[in-house]
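This chain uses plain numbering: 1 for the first residue, then up along the sequence.
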Amino acid sequence: MAGNHLTFIDSMIIPLVCPRPVFFIGKDEYVTGKGLKGRLMAWFFTGSGMIPVDRDGGHGGVAALMTGRRVLEEGKLFGIYPEGTRSPDGRLYRGRTGIARLTLMTGAPVVPFAMIGTDKLQPGGKGLPRPGRVTVRFGEPMEFSRYEGMDRDRYVLRAVTDSVMTEVMQLSGQEYVDMYATKAKAA
């Protein structure tokens with residue numbers, strides 16, 4: 001599953017609307033906090049299927065991909081936000097090619113999804129969520145078997161990723177920005 005990422009609570013909403021458990025990777029700091037709040041967060045995130053990954057250093061992305069690969073090869077449902085981080089302004093940003101690598105390595109189809117309204121429930125990902133309405137839209141599964149064995153071709157990886165992001169854009173109605181969200185946040 002691949003979708004947009006508007007706010008912190010997105011990964012809490014998806015497991016509520018899916019009939020099967022969905023496993024996401026998340027920052028390991030979500031499960032290493034101190035005190036009561038830290039323990040409650042660790043309990044919630046591990047209970048909801050989050051797999052903690054240390055994203056610092058040069059191997060964070062590789063560890064995240066290998067975790068996703070293992071989950072898919074076990075026949076489980078893996079969720080990923082191709083933007084790599086939350087949108088800084090509600091627009092949809094260029095996807096990272098990890099989703100393409102995973103689908104080409106495993107042969108698993110990609111189910112695009114879009115979260116609509118979570119940014120109104122919890123603007124900026126801060127504080128307790130407000131009451132409101134959230135819509136989750138799922139697209140048709142996408143398969144990329146025609147690119148089998150090409151998981152190292154950067155043009156294929158970009159084409160697959162862009163195809164997925166186009167579906168997410170159509171489902172969400174978000175404006176698309178052809179730059180990485182991390183670059184937009186740094187500006």
_Apply side chain to side chain contact (heavy atoms under 4.5 Å, CB included) to residues E29 and T32 and explain how you reach the verdict._
CA-CA 5 Å; E29 61 203 54; T32 58; 4.2 Å; yes

*Any side-chain heavy atom of M165 within less than 4.5 Å of one from E83?*
yes

*asked:* Are I99 and M66 connected into the same hydrophobic cluster when the rule is that any two of I, L, V, M, F, W, Y join if their side-chain heavy atoms are below 4.5 Å apart?
replied: yes

For residues 127-144, run the donor-acceptor check on the side chains, cut-off 3.5 Å, and write out each pair with its distance to 0.1 Å, sequence neighbours left out.
| unit_1 | atom_1 | unit_2 | atom_2 | d |
| --- | --- | --- | --- | --- |
| R137 | NH1 | L171 | O | 2.9 |
| E143 | OE1 | S145 | N | 3.0 |
| E143 | OE1 | S145 | OG | 2.6 |

*Treating Ile, Leu, Val, Met, Phe, Trp and Tyr as nodes and any side-chain heavy-atom pair under 4.5 angstrom as an edge, say whether I116 and V17 lie in one connected cluster.*
no

*Does the side chain of F78 reach to within under 4.5 Å of the side chain of I25, using non-hydrogen atoms?*
yes

_Heavy-atom closest pair, residues G95 and Y180_ = O-CE2, 3.7 Å

*asked:* Tell me which pairs pass salt bridge (Lys or Arg N to Asp or Glu O under 4.0 Å) where either residue lies in residues 159-171, with sequence neighbours left out.
replied: R158-D162

*Taking salt bridge (charged side-chain N to carboxylate O under 4.0 Å, His left out) as the test, write out the residues that go with E74, two or more places apart.*
R70, K76

*asked:* Give me the atom names and distance for the closest heavy-atom approach of A184 to M179.
replied: CB-SD, 3.8 Å

*Could you tell me whether the side chain of T103 and the main chain of P109 form a donor-acceptor pair under 3.5 Å?*
no

*Evaluate the side-chain proximity of R86 to H5: yes if any heavy-atom separation is below 4.5 Å, no if none is.*
yes

*Give a yes or no on this: more than 12 heavy atoms of other residues, nucleotides or ligands lie within 6.0 Å of atom CZ of R152.*
no

_Cluster overlap V168 with V177, hydrophobic side-chain contacts below 4.5 Å_ = no

_I want to check something: taking the side chain as every heavy atom from C-beta on, are Q170 and P112 in contact at a cut-off of under 4.5 Å?_
no

_Quick check: is V62 connected to V71 through a chain of hydrophobic side chains (ILVMFWY, heavy atoms under 4.5 Å apart)?_
yes

*Main-chain N/O of T106 paired to E73 side chain as donor or acceptor, under 3.5 Å*: no

*With a 4.5 Å heavy-atom cut-off, do L6 and Q174 have their side chains touching?*
yes

_Selection residues 10-20 - residue pairs positive for salt bridge (Lys or Arg N to Asp or Glu O under 4.0 Å), sequence neighbours left out_ = none

_Chi angles and distances behind the side chain to side chain contact (heavy atoms under 4.5 Å, CB included) call for R96, T161_ = CA-CA 7 Å; R96 304 259 177 199; T161 302; over 6 Å; no

*For the hydrophobic clusters of this structure (ILVMFWY residues joined by side-chain heavy atoms under 4.5 Å, transitively), does one cluster hold both L72 and M105?*
yes

*Any salt bridge (Lys or Arg N to Asp or Glu O under 4.0 Å) involving residues 178-187? Give me the pairs, sequence neighbours left out, ordered by first then second residue.*
R94-D178

*Counting N and O atoms only, with roles assigned by atom type, does the side chain of T7 sit under 3.5 Å from a partner on the main chain of Q122, one being a donor and the other an acceptor?*
yes

*Could you give me the CA-CA distance, side-chain angles and deciding distance for I14 and M115, then say whether side chain to side chain contact (heavy atoms under 4.5 Å, CB included) is met?*
CA-CA 9 Å; I14 288 293; M115 307 281 286; 3.5 Å; yes

_Non-neighbouring partners of S11 that pass side chain to side chain contact (heavy atoms under 4.5 Å, CB included), sequence neighbours left out_ = F24, Y81

